[in-house]
Amino acid sequence: MITHNNDRSVEITLANQLGYERVAMACSASFAQLFDFPKDRIEDLKTMVGEASVNAMQHGNKGRTDAKVTISLKCDEETITVLVQDEGDG
């Protein structure tokens, strides 16, 4: 599920299943393209979002199939802030 919080932010909720990190990577790339970020920065963003999503799935949620991972993206001027949340105990 993708939620638009305002015109400069988006929230993505993923099933806790490996492979879904690719959805988050594609969404983050599309989001950055909306604000004309350079291709090299978009590739860095995709890598970071993918790694953080997998970490949340495997370590935060401990692979639980009933858990979700939520990725929030917010653009301010020349910066995209990313928050990745899992439903783990920590």
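Predicted model, so just to flag it, every value in this text is computed and none were measured.
Put simply, the side chain of L83 does not reach to within 4.5 Å of the side chain of I71, judged on heavy atoms. Residues V69 and V84 form a side-chain contact, since some pair of their non-hydrogen atoms from C-beta on lies under 4.5 Å apart.
Checking side-chain atoms of R8 against main-chain N and O of C75 turns up a donor-acceptor pair under 3.5 Å.
One distance of note links OG of S53 with CE of M25; it measures 8.5 Å at 0.5 Å rounding. The OG atom of S30 sits 10.5 Å away from atom CG of L73, with the distance rounded to the nearest 0.5 Å. We find the CG-CD1 distance between L34 and I80 to be 9.0 Å, quoted to the nearest 0.5 Å.
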Table please: side-chain donor-acceptor pairs of residues 56-64 below 3.5 Å, with sequence neighbours left out.
from	atom 1	to	atom 2	distance (Å)
N61	OD1	E87	N	2.6
N61	OD1	G88	N	3.3
N61	ND2	N16	OD1	3.0
N61	ND2	K68	O	3.1
R64	NE	D66	OD1	3.2
R64	NH1	E87	O	3.4

Could you give the side-chain donor-acceptor pairs of residues 38-52 under 3.5 Å, partners two or more places apart or in another chain?
from	atom 1	to	atom 2	distance (Å)
R41	NH1	E78	O	3.4
R41	NH2	E78	O	3.1
E43	OE2	K46	NZ	3.3
T47	OG1	E43	O	3.1

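Screening residues 26-50 for ring pair (Phe, Tyr, Trp, His ring centres under 6.0 Å), with sequence neighbours left out, gives F31-F35.
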